[in-house]
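The next block holds one structure in the form of structure tokens; read it before the comments.
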Amino acid sequence: QMQLVESGGGLVQAGASLRLSCAASGRSVSNHVVGWFRQAPGKEREFVAAIRWSAGIADYADSVKGRFTISRDNAKNTVDLQMNSLKPEDTAVYYCAAQAIVYGTVAPRSRDRYGYWGQGTQVTVSS
């Protein structure tokens, strides 16, 4: 089993920055994709960004491209999400998730392919 713990959420004003961190433990993440999703009140959980751990290849939702950056730290076993130029519409609970890479295939934007999830961290952006 893999455990994922998010941290770094908070309340900020529009235009500010936040850095979220996801710490993985219990199982190696080397053959996984680690992603960030978010869920606003009354809306479905949506893809934000993901990174293939070994290859370091990143993918972003169009709504955050150019503002958010996902990165991994092999030594700390963490995946960070640097969020700049935050907007009120970025307000949501942000979840970290991990997806095993099976036979080399990945679906970083597919929520159903992620088998491990963290508890989430709240991000609130005021206007």
Side-chain angles (χ1 to χ4, degrees):
Q1 289 290 340
M2 183 185 297
Q3 291 79 43
L4 302 171
V5 179
E6 304 96 337
S7 61
L11 170 63
V12 296
Q13 289 189 330
S17 299
L18 271 178
R19 189 175 184 90
L20 305 183
S21 186
C22 172
S25 63
R27 183 172 179 172
S28 173
V29 294
S30 61
N31 198 39
H32 289 74
V33 173
V34 179
W36 285 94
F37 289 74
R38 67 187 181 187
Q39 188 167 18
K43 294 187 177 180
E44 289 196 355
R45 194 170 298 187
E46 64 175 4
F47 169 76
V48 175
I51 188 166
R52 303 184 196 188
W53 187 274
S54 296
I57 298 172
D59 188 21
Y60 298 93
D62 288 344
S63 59
V64 306
K65 198 172 293 183
R67 299 188 298 124
F68 291 10
T69 303
I70 190 170
S71 61
R72 73 199 186 314
D73 187 319
N74 287 325
K76 296 181 180 179
N77 236 28
T78 56
V79 172
D80 288 354
L81 185 68
Q82 177 66 42
M83 306 185 295
N84 298 328
S85 302
L86 283 162
K87 305 174 181 180
E89 51 263 43
D90 294 318
T91 295
V93 177
Y94 283 70
Y95 297 91
C96 174
Q99 171 187 138
I101 298 176
V102 180
Y103 301 118
T105 63
V106 297
R109 300 188 178 210
S110 176
R111 186 180 60 195
D112 294 340
R113 287 284 300 269
Y114 287 83
Y116 303 100
W117 291 85
Q119 293 300 306
T121 185
Q122 177 71 46
V123 172
T124 303
V125 184
S126 63
S127 58

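Atoms considered below: every heavy atom in the structure, side chains included; atoms not considered: hydrogens, waters and symmetry mates.
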By salt bridge (Lys or Arg N to Asp or Glu O under 4.0 Å) - contacts of [X] (at least two apart):
X	value
R109	D59
D112	none
E46	R38

Check your understanding: Can you hop from V79 to V48 via hydrophobic side chains spaced under 4.5 Å?
Key -> yes
Point to revise | Same apolar cluster (I L V M F W Y, side chains within < 4.5 Å links), V34/V93 | key: no
So, does [X] use its side chain to make a donor-acceptor pair with the main chain of [Y] at under 3.5 Å?
X	Y	result
T124	L11	no
S110	A107	no
S54	S30	yes

Practice item. Work out which heavy atom in A24 is nearest to a heavy atom in V29; give both atom names and the distance. Key: CB-CG1, 3.5 Å
Check your understanding: Any idea which heavy atoms bring Y114 and A50 closest together, and the distance?
Key -> OH-CB, 3.6 Å
**Study point:** ring-ring contact (aromatic ring centres under 6.0 Å, His included) pairs, two or more places apart, involving residues 38-86
**Key:** F37-F47
Review point. With sequence neighbours left out, which residue pairs that include part of residues 70-108 fulfil the ring-ring contact (aromatic ring centres under 6.0 Å, His included) condition?
Key: none
With [X], which residues qualify under side chain to side chain contact (heavy atoms under 4.5 Å, CB included), at least two apart?
X	result
D73	A75, K76, T78
R27	M2, H32, Y116
V125	V12, A14, L86, P88, D90, T91, V123
S25	Q3

I need the [X] [atom1] to [Y] [atom2] distance, nearest 0.5 Å.
X	Y	atom1	atom2	result
L20	E6	CG	CD	8.5 Å
Q99	R52	CD	CZ	9.0 Å
M83	I70	CE	CD1	11.5 Å
L81	I51	CG	CD1	10.5 Å

Study note, to complete from the structure: residues 8-19 vs side-chain hydrogen bond (donor to acceptor under 3.5 Å, both in side chains), sequence neighbours excluded, gives S17-N84, R19-D80, R19-Q82
Practice item. Only pairs at least two apart or in different chains count here, so list each disulfide bond (SG atoms under 2.5 Å apart) that has a residue in residues 97-127. Key: none
Review point. Among pairs that include at least one residue of residues 40-127, which meet disulfide bond (SG atoms under 2.5 Å apart), considering only residues two or more places apart or in two chains?
Key: C22-C96
Exercise for review: Validate the cation-pi geometry between R111 and W117: distance from NZ or CZ to the six-membered ring centre under 6.0 Å, angle to the ring axis within 45°.
Suggested key: no
